[in-house]
Amino acid sequence: MQEKTMEKIRVVIHSPDHLTHLGLANCLDGDKQIVETGDDKADVAVIVIENADISTMKELQLLRPEAATPLLLIVGGRWHADISAAVEQGVRGVLWRRHFSSTSFIQAVRAVGSGGGYFPTSLQGALIEQIVHTYREVLAPQDLTASGFTNREIDALLLVSEGFDLQQIAEKLHYSERTVKNILYQFMKRFNLHNRAHAVAYAIRSGLI
């Protein structure tokens with residue numbers, strides 16, 4: 001039986017000096033699933049920086065091959081950037097240069113290249129704290145979740161997906177039928193959805209029901 005060929009992860013490297021670039025490329029040569037490539041074909045962009053701050057985050061976008069290309073940063077100095085803003089700008093992994101190893105580099109490239117993330121514990125903690133703060137101070141007071149759905153919308157769509165009609169949903173949620181209709185209508189209007197079935201499918205794809 002022929003072994004299935006694994007799809008390669010294509011990586012572009014941006015480094016301020018040739019020796020660092022060469023060292024990172026040599027690390028990649030040790031993994032058969034990863035290959036160095038040009039900007040236009042990269043699955044992951046590896047960028048070496050000294051410090052992470054507001055100006056650095058802006059400069060990263062100039063090095064990003066495409067809007068959807070995930071970034072893996074190798075940071076030599078300190079982190080002074082908003083971690084949630086960095087994630088929003090495409091950063092999916094961070095390695096401290098002082099703790100760098102070929103093993104951790106390969107693991108990070110594989111994680112980011114497969115759609116995951118790879119962050120030091122300290123940055124994971126900072127990101128969790130920002131998520132909690134945003135939920136408590138911004139989203140919860142407006143009955144919103146991080147997805148942009150309200151809790152009422154999620155409750156109503158879950159019951160629609162289970163086959164309940166408007167009257168049954170109204171009874172279960174202690175709303176009027178008119179309120180349920182309005183909840184579903186506003187949701188469909190906001191996300192440009194055609195009908196309730198389309199709304200349920202959208203919620204399922206978003207992982208909310």
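Here, residue 1 is the first one in the sequence, and each next residue gets the next number.
Tyr175 pairs by the side-chain hydrogen bond (donor to acceptor under 3.5 Å, both in side chains) definition with nothing, not counting sequence neighbours. When the salt bridge (Lys or Arg N to Asp or Glu O under 4.0 Å) test is applied to Asp155, no partner is found at least two apart in sequence or on another chain. Scored by the side-chain hydrogen bond (donor to acceptor under 3.5 Å, both in side chains) test, Ser101 finds Ser104 as partners (sequence neighbours excluded). Remark: Gln130 pairs with Asp82, Ile83, Ser84 by the side-chain contact (heavy atoms from CB on, under 4.5 Å) rule, at least two apart or across chains. Evaluation of the side-chain contact (heavy atoms from CB on, under 4.5 Å) rule for Ala199 yields Leu157, Phe187, Met188, Leu193 as partners, not counting sequence neighbours. By the side-chain hydrogen bond (donor to acceptor under 3.5 Å, both in side chains) test, Asp165 is found to be paired with no residue, residues two or more places apart in sequence or in another chain being considered. With sequence neighbours excluded, the residues that form a ring pair (Phe, Tyr, Trp, His ring centres under 6.0 Å) with His198 are His194. Residues that satisfy the side-chain hydrogen bond (donor to acceptor under 3.5 Å, both in side chains) test with Ser122, not counting sequence neighbours, are absent from this structure.
Of all non-hydrogen atoms in Ser55 and Asp53, the two that sit nearest each other are OG-OD1, 2.8 Å. Of all the heavy atoms in Gln168 and Gly163, the pair that sits closest is OE1-O, 4.4 Å. Here the shortest heavy-atom pairing between Val12 and Ala42 reads CG1-CB, 3.5 Å. Taking all atoms of both residues into account, the shortest heavy-atom contact from Val180 to Ala170 is CG2-CA, 3.8 Å.
Atom CZ of Arg136 sits in a sparse spot, with 12 or fewer heavy atoms from other residues, nucleotides or ligands closer than 6.0 Å.
Alongside Ile128, the hydrophobic cluster contains Val132 (criterion: ILVMFWY side chains under 4.5 Å).
From Arg196, atom CZ reaches atom OG of Ser161 across 13.5 Å, with rounding to the nearest 0.5 Å. Atoms CD and CZ, on Gln186 and Arg152 in that order, are 10.0 Å from each other to the nearest 0.5 Å. Between the NZ atom in Lys181 and the CD1 atom in Ile183 there is a gap of 13.0 Å [rounded to 0.5 Å].
Between Arg97 and Thr20, the side chains place a donor N or O and an acceptor N or O closer than 3.5 Å (distance only, hydrogens not considered). With no hydrogens or angles considered, no side-chain donor-acceptor pair links Thr179 and Asn182 at under 3.5 Å.
Under a 3.5 Å cut-off, the side chain of Thr56 and the backbone N or O of Asn51 do form a donor-acceptor pair.
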Are Val35 and Ile9 close enough, and set up right, to give a side chain to side chain contact (heavy atoms under 4.5 Å, CB included), and what steps lead you there?
CA-CA 6 Å; Val35 61; Ile9 299 172; over 6 Å; no
Starting from the C-alpha separation in whole Å, work towards a yes-or-no answer on side chain to side chain contact (heavy atoms under 4.5 Å, CB included) for Tyr202 and Ile209.
CA-CA 10 Å; Tyr202 183 83; Ile209 65 173; over 6 Å; no
Could you check Phe164 against Leu158 for side chain to side chain contact (heavy atoms under 4.5 Å, CB included), going step by step and ending with a plain yes or no?
CA-CA 9 Å; Phe164 293 101; Leu158 178 60; over 6 Å; no
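Below 30°, between 30° and 60°, or above 60°: for Phe191 and Phe149 the angle between ring planes is above 60°, a perpendicular geometry.
Val48 and Val109 end up in the same hydrophobic cluster when Ile, Leu, Val, Met, Phe, Trp and Tyr side chains are linked at under 4.5 Å. Hydrophobic clustering of Ile, Leu, Val, Met, Phe, Trp and Tyr side chains at less than 4.5 Å, counting indirect connections, keeps Tyr185 apart from Leu159. Under the 4.5 Å side-chain contact rule for hydrophobic residues, Leu63 and Leu72 do not share a cluster. Residues Phe119 and Ile106 are members of separate hydrophobic clusters, defined by side-chain heavy-atom contacts under 4.5 angstrom among Ile, Leu, Val, Met, Phe, Trp and Tyr. Linking Ile, Leu, Val, Met, Phe, Trp and Tyr residues whenever their side-chain heavy atoms come within less than 4.5 Å leaves Val11 and Val75 in two separate clusters.
Among residue pairs with one or both ends in residues 41-52, those qualifying as salt bridge (Lys or Arg N to Asp or Glu O under 4.0 Å) are Arg10-Asp43; sequence neighbours excluded.
Between His14 and Val46 the shortest side-chain heavy-atom distance does not fall below 4.5 Å. The side-chain heavy atoms of Arg178 and Leu166, taken from C-beta on, include no pair separated by under 4.5 Å. Contact annotation: the side chain of Ile47 approaches that of Leu71 to within less than 4.5 Å [non-hydrogen atoms, C-beta and beyond]. Between His99 and Leu95, the closest side-chain pair of non-hydrogen atoms is not below 4.5 Å. Put simply, the side chain of Thr69 does not reach to within 4.5 Å of the side chain of Val44, judged on heavy atoms.
Between Arg190 and Glu153 there is a salt bridge, since at least one side-chain N of the basic residue sits less than 4.0 Å from a carboxylate O of the acidic one.
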For residues 21-28, tabulate all N or O donor-acceptor pairs below 3.5 Å that involve a side-chain atom, not counting sequence neighbours.
{"from": "His21", "atom 1": "NE2", "to": "Glu36", "atom 2": "OE2", "distance (Å)": "2.6"}
{"from": "Asn26", "atom 1": "ND2", "to": "Leu22", "atom 2": "O", "distance (Å)": "3.3"}

Side-chain donor-acceptor pairs of residues 87-94 under 3.5 Å, sequence neighbours excluded:
{"from": "Arg92", "atom 1": "NH1", "to": "Val87", "atom 2": "O", "distance (Å)": "2.6"}

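With Gln33 as the partner, the side chain to side chain donor-acceptor pair (under 3.5 Å) test is satisfied by one option alone out of Glu7, Lys8, Arg110: Arg110.
Ring centroids of Phe105 and Tyr118 are separated by 6.0 Å or more, keeping the two rings apart.
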